[in-house]
Amino acid sequence: MQVQRVVLNSRPGKNGEPSPKNFRLERISLTPDLENGQVLVRTLYLSVDPYMRCRMNEDTGADYLTPWELCECVDGGGVGVVEASRCSALTDGDVVTSFNWPWQTHAVMIGDGLQKVDLQMVDGHLSYFLGAVGITGLTALLGVREKGHVTKGANQTMVVSGAAGACGSLAGQIGRLDGCVRVVGICGSDEKCKALVEDLGFSAAVNYRSEDISARLQDICPDGVDVYFDNVGGAVSEPVIEQMNKGGHVILCGQISQYNKDVPYPPPLSDKTQEILQSRSIMRERFMVLSYMSKAEAALFELSQLVKSAQIKVLETVVNGIENMGVAFCSMMRGGNIGKQIVKISD
Ligand code: NDP
């Protein structure tokens, strides 16, 4: 059978912005003769995520991430349906997911490496397995719970950067549900600010591209900031930390503003910000969702309930077609998405 796949065409360089030209679409023929343990899957949805920027480098800088190889098929989070199986645990029609799904329209995969999913968890909305009821939701929920120290009745204010993105849009809603009295989002457009306040129930939103973050936060957060869910780092984060209260907590989730730069992770803070953290006893701890996978099953169940009962609203930006994987990835890296960026590959 003829299938399409996306391979890594070139690397942007550690200090370069990724471009769709770094990816190449190929047609190959796939022999669907299965060996024992293998399944043939049709890809339904693929995920594009910021960590993939590291995989474009020869050295990812992280021991848990392998680099994508030139001229080889790119992989990441995916959901698909089993079309033929020689794996006893899976049958035709099962919906499965994996963190290492090839960017390919059909693929032969090892059945044991796939996770069968329960469609009821997402009311049939299968792309949620890559977002709100998948690793993104886990990052938001467990990040807030493990590092946020949110306490009901404590009159806390939370600020979220990258707030209109996949993780940030969920983290802010979870912060509110867990008891923060004020949740403020920082993001890159007025349209995103409007969605945060009008659709997702954030108390207020700041457009970091057009507004003075410090001035706005002083205005919107009269009691200071207790919890900061940081997806972005750099020039957005320093003024937020400046507004933080004694004993506050920074959830160091990601630093996307620095991913196109050759800097270590986490990137160093200015002396002034370091001094603020120290003098105010603000905890700033790195959060890694993969370190909490023992809590994933219960957390996914909770996320599923929150989404199905509409206590959490899910936003997605969906583009169609495997030929748009590179475009979708680069767009997400520049802020083209509201909510989770998804690519739909087939019906
Ligand atoms: P998003 O859906 O949030 O997409 C990325 C967003 O980042 C863009 O939409 C853009 O929004 C924003 N952005 C890009 N460049 C900049 C910049 N220079 N300054 C400020 N904002 C910028 O992606 P995810 O939700 O998947 O990931 C969010 C963060 O969470 C990332 O840092 C990622 O690495 C991290 N992460 C961490 C995990 C962990 O275990 N610690 C697991 C998963 C994700 P805008 O328009 O607002 O600029």
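Note that the structure is predicted; figures quoted are calculated from it, not measured. Read the numbers this way: they start at 1 and go in the same order the structure lists the ligands and their atoms.
Here's the thing with Arg334: none of its N/O atoms is less than 3.5 angstrom from an N/O atom of ligand 1. Residue Gly188 places at least one N or O, backbone or side chain, under 3.5 Å from an N or O of ligand 1. Considering both main-chain and side-chain atoms, Met288 never comes within under 3.5 Å of ligand 1 through any nitrogen or oxygen pair.
For ligand 1 and Arg209, the ligand atoms under 4.0 Å from any heavy atom of the residue are 48 (O). Each of the following atoms of ligand 1 lies closer than 4.0 Å to a heavy atom of Ala166: 1 (P), 2 (O), 3 (O), 25 (O). Of all atoms in ligand 1, numbered sequentially from 1 with element shown, those under 4.0 Å from a heavy atom of Cys187 are 47 (O). Short contacts between ligand 1 and Gln255, defined as distances under 4.0 Å to a heavy atom of the residue, involve ligand atoms 32 (O). Listed by atom number, the atoms of ligand 1 under 4.0 Å from Phe287 heavy atoms are 39 (C), 40 (O), 41 (N).
With respect to atom 13 (N) of ligand 1, the closest heavy atom belonging to the protein is Ile256 CG2, 3.6 Å. The nearest protein atom to atom 46 (O) of ligand 1, hydrogens excluded, is given as Lys192 NZ, 2.5 Å; this is a heavy-atom distance. Here the heavy atom of the protein found nearest to atom 42 (C) of ligand 1 is Thr139 OG1, 3.3 Å. Among protein heavy atoms, the minimum distance from atom 17 (C) of ligand 1 is reached at Ser257 CB, 3.7 Å. Closest to atom 25 (O) of ligand 1, if we only count protein heavy atoms, is Cys167 N, 2.8 Å. In terms of protein heavy-atom proximity, atom 14 (C) of ligand 1 is nearest to Met333 O, 3.2 Å. Summary of contacts: the protein heavy atom closest to atom 10 (C) of ligand 1 is Gly335 CA, 3.4 Å.
There is a side-chain donor-acceptor pair under 3.5 Å between Ser237 and Asp230. Side-chain contact annotation: Asp226 with Asn245, donor-acceptor N/O pair under 3.5 Å present. Side-chain atoms of Glu238 and Thr273 include a donor-acceptor pair closer than 3.5 Å. No hydrogens or angles considered: a donor-acceptor pair under 3.5 Å links the side chains of Arg42 and Ser346.
Here Lys272 pairs with Glu242 in a salt bridge; the nearest charged N to carboxylate O distance falls below 4.0 Å. Look at Asp178 and Arg145 and you find a salt bridge, because one of the NZ, NE, NH1 or NH2 atoms lies within 4.0 Å of a carboxylate O, short of that distance. Between Lys340 and Asp49 a salt bridge is recorded (basic side-chain N to carboxylate O distance below 4.0 Å). The pair Lys295-Glu146 meets the salt-bridge criterion, with a side-chain N (NZ, NE, NH1 or NH2) lying under 4.0 Å from an Asp/Glu carboxylate O. Electrostatic pairing of Asp199 and Lys194 does not count as a salt bridge here, judged by no charged N lying under 4.0 Å from a carboxylate O.
The environment of Gln2 atom CD is dense: over 12 non-hydrogen atoms of other residues, nucleotides or ligands sit within 6.0 angstrom.
Residue contacts with ligand 1 for Lys340 are absent, since no atom lies close enough (heavy atoms, distance under 4.0 Å).
Considering Lys147, Gln341, Met332 only, the shortest heavy-atom separation from atom 8 (C) of ligand 1 involves Met332. The heavy atom nearest to atom 16 (C) of ligand 1, considering only Tyr265, Tyr208, Tyr259, is found in Tyr208. Looking at Cys253, Gly254, Ser237 and measuring to atom 37 (C) of ligand 1, the nearest heavy atom belongs to Cys253. The closest heavy-atom contact to atom 31 (C) of ligand 1, among the options Asn231, Asn337, Leu315, comes from Asn231. Atom 20 (C) of ligand 1 has its nearest heavy-atom neighbour, among Leu290, Val289, Ile338, Val232, in Val232. Closest heavy-atom approach to atom 24 (P) of ligand 1 among the candidates Ser169, Gly165, Pro50: Pro50.
Taking the six-membered ring where the residue is Trp, Phe329 and Phe23 present perpendicular rings, their angle passing 60° and hence far from 30°.
The residue from Arg5, Gln4, Gln104 that alone fulfils the side-chain hydrogen bond (donor to acceptor under 3.5 Å, both in side chains) condition with Glu26 is Arg5.
Taking the six-membered ring where the residue is Trp, the centroids of Tyr51 and Tyr259 are separated by 6.0 Å or more.
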